[in-house]
Structures are given as C-alpha cells and as structure tokens.
Amino acid sequence: MNNHPVAAQHSPAWVAFTYISFGASAFMVGIGIWLLPLDLSIKGYLTMGFLMLTQSCITMTKTMRDNHESGRLVNRIEDAKAERLLMEVERNARAA
C-alpha cells in the first residue's frame with residue numbers, strides 16, 4: 001500500500017535551459033567586469049567576489065535540496081511505521 005507519488009523529472013529542455021542561462025549570465029558578468037575602466041587589482045577583487053557568490057549559491061541550493069529530501073525520507077519512514085502499527089491493530093482487532 002505505497003501511495004507516495006513519484007517525483008517528477010525535469011525535461012531535457014529545462015535542464016539545457018538552466019545550464020545555458022547560467023553560462024550566459026556568468027559570461028555577461030565576466031565581460032562586464034573585464035570591460036570596466038578599473039585597475040586590474042579591482043577587477044580581480046570583483047571577479048573573486050563573483051566566483052565566491054556563485055559557489056555560495058550552488059552550495060546553498062544543494063544544502064536546501066538535501067534538507068528537503070531528508071525531510072521527505074523521515075516522513076516516509078514515519079508513514080511506514082504508522083502503517084505497520086495500524087496493520088497490527090487491525091490484525092489484533094480481527095483476532096479478538
């Protein structure tokens with residue numbers, strides 16, 4: 001009696017769109033930093049900040065997804081325990 005819905009998978013077009021969007025935005029910011037009329041040291045500082053921000057966003061997204069998926073697993077385990085307990089109660093009620 002497993003009534004948990006199957007997680008929807010992303011279409012290949014959506015996955016391609018997200019990769020292309022990320023690449024295009026990173027490229028545009030990189031070109032923007034490169035074309036700024038600033039010293040090379042300031043451009044380096046801006047580039048480091050951009051790279052650290054990108055890395056932080058990826059890490060935060062992964063952490064949020066992992067927390068969500070672990071919560072789903074805990075809920076499934078609790079549902080299975082409750083279902084087993086209800087089956088035992090029903091079995092005992094029939095026997096009585």
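What you see is a predicted model, and the numbers here were worked out from it, not measured in a lab.
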**OP:** Supply the atom-to-atom distance Ile20 CD1 to Ser25 OG, rounded to the nearest 0.5 angstrom.
**Re:** 12.0 Å
Original post:
Is Lys62 paired with Asp66 through a side-chain N to carboxylate O contact shorter than 4.0 Å?
Top reply: yes
**OP:** Can you establish whether the number of heavy atoms outside Arg65 located under 6.0 Å from its atom CZ is more than 12?
**Re:** yes
Subject >> Spacing of Ile58 atom CD1 and Leu53 atom CG [to the nearest 0.5 Å] >> reply: 10.0 Å
**OP:** Could you state whether Phe50 and Leu38 fall into the same hydrophobic cluster, counting links through intermediate Ile, Leu, Val, Met, Phe, Trp or Tyr residues with side-chain heavy atoms under 4.5 angstrom apart?
**Re:** yes
**OP:** Check whether any side-chain heavy atom of Thr54 lies under 4.5 Å from a side-chain heavy atom of Val29, and answer yes or no.
**Re:** no
**OP:** Rounded to the nearest 0.5 Å, what's the gap from CD on Glu88 to CD on Glu83? Could you check?
**Re:** 11.5 Å
Original post:
About how many Å separate CE of Met52 and OG1 of Thr59, when rounded to the nearest 0.5 Å?
Top reply: 9.5 Å
**OP:** Consider only side-chain heavy atoms of I, L, V, M, F, W and Y, link residues closer than 4.5 Å, and tell whether Leu51 and Leu36 are in one cluster.
**Re:** yes
**OP:** Flag yes if Ile33 and Phe22 sit in one hydrophobic cluster, no otherwise; membership is Ile, Leu, Val, Met, Phe, Trp, Tyr, and two members link when side-chain heavy atoms are under 4.5 Å apart.
**Re:** no
Original post:
For Met60, which fellow cluster members are found when Ile, Leu, Val, Met, Phe, Trp and Tyr are connected by side-chain heavy-atom distances below 4.5 angstrom, either directly or through intermediates?
Top reply: Met64
Subject >> Co-members of Trp34 in a cluster of I, L, V, M, F, W and Y side chains, linked at under 4.5 Å >> reply: Phe27, Ile31, Leu35
